[in-house]
A.B. asks: 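This is the structure, below, for whatever I ask next.
When a residue number appears, it is its place in the shown sequence, counting from 1.
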Amino acid sequence: MDTLKYKLSNKKEDIIKVGEHTLHRIIALKDIIDEKGKVLVHSGDKGGYVESESNLSHYDTCWIYDEAMAYESSQVNCAAELHNRAVARDGVTLWGMVQAFDDVQLYGTASLYGKPKFYDFARVSGCAQISGEVILSGDVWVGGNEKFTGNVKLESGTYVTYVNEDEAQ
């Protein structure tokens with residue numbers, strides 16, 4: 001890696017507390033350009049918040065925008081993006097071209113990869129695995145050990161989880 005792509009701001013107005021976690025706003029140190037030559041983020045642009053540099057890769061085009069946050073052991077990699085007020089926390093991992101918008105909550109040890117998109121108040125938790133071109137929008141919750149792949153669309157009012165009957169007793 002020739003240079004870092006962002007730094008953590010230490011300015012008071014760029015530091016927030018979420019519970020016992022201290023998050024810093026990120027600031028781009030160079031332009032982030034996609035494979036087609038489009039500038040996604042300009043050098044000097046402020047992004048969202050991370051707890052540490054382990055939350056957002058310095059490689060590829062992944063970025064955290066707006067007021068979105070990644071903290072604890074979450075990882076945003078490849079071309080993944082968090083927008084608006086989306087949150088990635090616990091040990092969730094985003095790979096590929098994952099996009100989360102609005103007030104989406106991604107947590108647990110979920111693995112998200114491929115091109116899934118999450119909107120509105122969608123939640124993904126537990127050990128869920130979501131890949132392909134899955135779309136979750138509205139008040140949707142996918143948790144437990146559920147796996148979704150391919151072209152799946154889940155909309156408001158959907159709750160999908162797996163409970164192991166032996167563990168539930």
A.B. asks: Does a side chain donor of either Thr149 or Ser131 reach within less than 3.5 Å of an acceptor in the other side chain?
C.D. replies: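 There is such a pair (donor and acceptor under 3.5 Å, judged by atom type) between the side chains of Thr149 and Ser131.
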A.B. asks: Does Ala28 offer a backbone N or O that forms a donor-acceptor pair with the side chain of Lys46 under 3.5 Å?
C.D. replies: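 Checking the backbone N and O of Ala28 against the side chain of Lys46, no donor-acceptor pair under 3.5 Å is found.
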A.B. asks: To the closest 0.5 Å, what do you measure between CZ (Arg85) and CE (Met69)?
C.D. replies: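 It comes to 10.0 Å.
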A.B. asks: Are the side chain of Thr109 and the backbone of Gly91 linked by a donor-acceptor contact shorter than 3.5 Å?
C.D. replies: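 No, the answer is negative, given that no donor and acceptor are paired below the 3.5 Å cut-off.
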A.B. asks: Examine the side chains of Arg25 and Tyr49 and answer whether a donor and an acceptor come within less than 3.5 Å of each other.
C.D. replies: yes
A.B. asks: Is there a path of hydrophobic side-chain contacts, each under 4.5 Å between heavy atoms of I/L/V/M/F/W/Y residues, joining Leu154 to Phe118?
C.D. replies: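 Same cluster.
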A.B. asks: Are any side-chain N or O atoms of Lys5 and backbone N or O atoms of Lys30, one a donor and one an acceptor, separated by less than 3.5 Å?
C.D. replies: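 Not confirmed, Lys5 side chain does not pair with Lys30 backbone.
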A.B. asks: Treating Asp14 as the side-chain partner and His24 as the backbone partner, does any N or O pair qualify as donor plus acceptor under 3.5 Å?
C.D. replies: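 Checked: no pair found.
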A.B. asks: Indicate yes or no for a side-chain donor-acceptor contact from Ser74 to the backbone of Ala88 under 3.5 Å, with no hydrogens or angles considered.
C.D. replies: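 Side chain of Ser74 to backbone of Ala88, a donor-acceptor pair under 3.5 Å: yes, one is there.
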A.B. asks: Using a 4.5 Å cut-off on heavy atoms from C-beta on, say whether the side chain of Lys11 contacts that of Ser9.
C.D. replies: yes
A.B. asks: OH of Tyr71 to CD1 of Ile16: how many Å apart, nearest 0.5 Å?
C.D. replies: 9.0 Å
A.B. asks: With a 4.5 Å heavy-atom cut-off, do Val142 and Leu136 have their side chains touching?
C.D. replies: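 Val142 vs Leu136: side chains touch.
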A.B. asks: Return the CG to CD1 distance between Asn55 and Ile64, rounded to the nearest 0.5 Å.
C.D. replies: 6.5 Å
A.B. asks: Tell me, with the steps shown, if Thr22 and Ile15 meet side chain to side chain contact (heavy atoms under 4.5 Å, CB included).
C.D. replies: CA-CA 7 Å; Thr22 302; Ile15 298 172; 3.5 Å; yes
A.B. asks: Membership question, hydrophobic clusters at under 4.5 Å side-chain separation (ILVMFWY): are Val41 and Ile27 in the same one?
C.D. replies: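 No.
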A.B. asks: Same hydrophobic cluster for Ile26 and Leu23, using side-chain heavy-atom links shorter than 4.5 Å among ILVMFWY?
C.D. replies: no
A.B. asks: Could you tell me whether a side-chain N or O of Asp34 sits under 3.5 Å from a main-chain N or O of Lys36, the two making a donor and an acceptor?
C.D. replies: yes
A.B. asks: Can you find a pair of side-chain heavy atoms, one from Leu40 and one from Trp63, that are under 4.5 Å apart?
C.D. replies: no
A.B. asks: Quick check: is Val50 connected to Phe101 through a chain of hydrophobic side chains (ILVMFWY, heavy atoms under 4.5 Å apart)?
C.D. replies: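 Not linked; separate clusters.
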A.B. asks: To the closest 0.5 Å, what do you measure between CG (Asp102) and OG (Ser137)?
C.D. replies: 9.5 Å
A.B. asks: Just how far is it from atom CG of Asp103 to atom CZ of Phe121, taken to the nearest 0.5 Å?
C.D. replies: 4.5 Å
A.B. asks: Could you tell me if Glu53 and His58 have a donor-acceptor pair between their side chains, going purely by distance under 3.5 Å?
C.D. replies: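 A donor-acceptor contact under 3.5 Å links the two side chains.
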A.B. asks: Report yes or no: do Ile135 and Leu112 belong to one cluster of Ile/Leu/Val/Met/Phe/Trp/Tyr joined by side chain heavy-atom distances under 4.5 Å?
C.D. replies: no
A.B. asks: Check this for me: Lys17, atom NZ, are more than 12 non-hydrogen atoms of other residues, nucleotides or ligands nearer than 6.0 Å?
C.D. replies: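 Buried by this count: over 12 neighbours within 6.0 Å.
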A.B. asks: What's the spacing between Glu81 CD and Met97 CE if we round to 0.5 Å?
C.D. replies: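 These two atoms lie 8.0 Å from each other.
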A.B. asks: Under the 3.5 angstrom rule, does the side chain of Asp90 hit a backbone N or O of Tyr107 as a donor-acceptor pair?
C.D. replies: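 The answer is no, because no donor-acceptor pair under 3.5 Å joins these two groups.
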